Amino acid sequence: MPASPEKSENISPAAFVCGWPVQHSRSPLVHRYWLAEHHLAGSYEKVPVEPGTLAAFFDRIRQGEFVGGNITLPHKEDALKLADAADDAAKAIGAANTVWMEAGTLRATNTDWIGFVANLDEQAPGWDRADSGGASVLVVGAGGAARGVIYGLLQRGVKSVHIANRTISKAATLANDFDGNLTALPLGDVAGLAESVDLVVNTSSMGMRGQPPMSEDVINIIPYLPGHAVVCDIVYTPLETPLLEAAEKTGLTTADGLGMLLHQAVPGFEKWFGVRPKVSEKLRDLVISDLPGDTG
Ligand code: ATR
């Protein structure tokens with residue numbers, strides 16, 4: 001049963017994305033598309049919230065100005081602390097990206113992991129089977145995005161997670177923070193894993209437009225991965241990152257980062273507006289047309 005919006009008397013429920021800056025957010029495009037597609041009265045707006053002022057903004061939600069919304073940088077960790085209640089996913093990931101009012105309580109969750117696994121299920125069905133003993137996964141990066149990805153991988157019962165990061169201590173902390181078969185290694189050591197990993201996921205900013213390129217140590221393992229391996233990048237600007245390009249050249253299955261962005265939005269929309277929306281090709285094309293071009 002889809003959740004009903006908190007205020008049934010509110011004929012036009014308002015949702016938001018808050019952050020600082022928030023101007024770059026593509027969430028309004030996605031949620032407004034779904035509102036129109038389902039002929040729903042409702043709104044979704046960008047709200048700039050300065051660092052240190054999230055508590056005051058949360059009071060506006062409690063007072064009924066909004067049914068809920070998305071939280072983006074730099075507020076995701078504070079959102080977890082300031083909400084009245086948070087679920088296991090948000091607590092394990094250590095950050096919340098979605099909040100909503102329910103029976104007078106401001107609740108928080110993190111839907112990044114749902115977006116991550118739903119995108120892999122769509123773009124690379126069977127990615128977690130590795131014929132049937134579970135997948136061995138190489139995660140590149142150990143920042144906030146890696147936490148959501150690792151939580152999702154563990155929810156899906158993967159066999160092992162190897163976290164490779166420039167700063168090895170951060171990978172080690174992450175490996176310790178989760179229960180399961182997790183190990184940490186420096187980026188320079190990934191070659192040793194090439195023949196045994198079933199999935200490679202980039203969670204770092206390497207390869208993103210305007211950021212340093214993907215580490216050659218990682219690019220160089222691509223030709224040595226098993227033929228059934230899947231390569232996933234959570235970066236979506238550009239849509240085809242050099243990592244995905246290398247994987248495609250080798251004939252491997254790939255999953256780009258845009259799908260995660262779209263799928264992570266589904267649970268929030270359902271909570272605020274009471275309808276479970278679909279991620280369609282048409283929506284994907286709409287967001288692609290809004291992404292910066294190669295010269296952008
Ligand atoms: P996010 O919340 O998006 O994950 P983050 O917490 O800043 O952002 O994490 C960025 C990740 O990209 C980190 O794993 C970072 O490596 P460090 O932990 O060593 O900082 C990684 N990263 C960013 N730039 C990098 C570079 N030039 N080379 C290697 N790793 C890089």
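Small disclaimer: the values here were computed from a predicted structure and weren't measured. Ligands are counted one by one from 1 in listed order, and the atoms in each one are counted from 1 as well.
With no hydrogens or angles considered, a side-chain donor-acceptor pair links S136 and S160 at under 3.5 Å.
Among pairs with a residue in residues 128-175, those fulfilling ring-ring contact (aromatic ring centres under 6.0 Å, His included) read W113-Y151, at least two apart in sequence or across chains.
Put simply, the side chain of L244 reaches to within 4.5 Å of the side chain of D256, judged on heavy atoms. Taking the side chain as every heavy atom from C-beta outward, L243 and T254 never approach each other to under 4.5 Å. You'll find the side chain of L174 stays beyond 4.5 Å of the side chain of V139, heavy atoms only.
The immediate protein surroundings of ligand 1, defined as residues with any heavy atom under 4.0 Å of it, consist of G141, A142, G143, G144, A145, N165, R166, T167, K170, L187, S204, S205, M206, P212.
Annotation: Y44 is not in aromatic contact with F269 [ring centroid separation under 6.0 Å not met].
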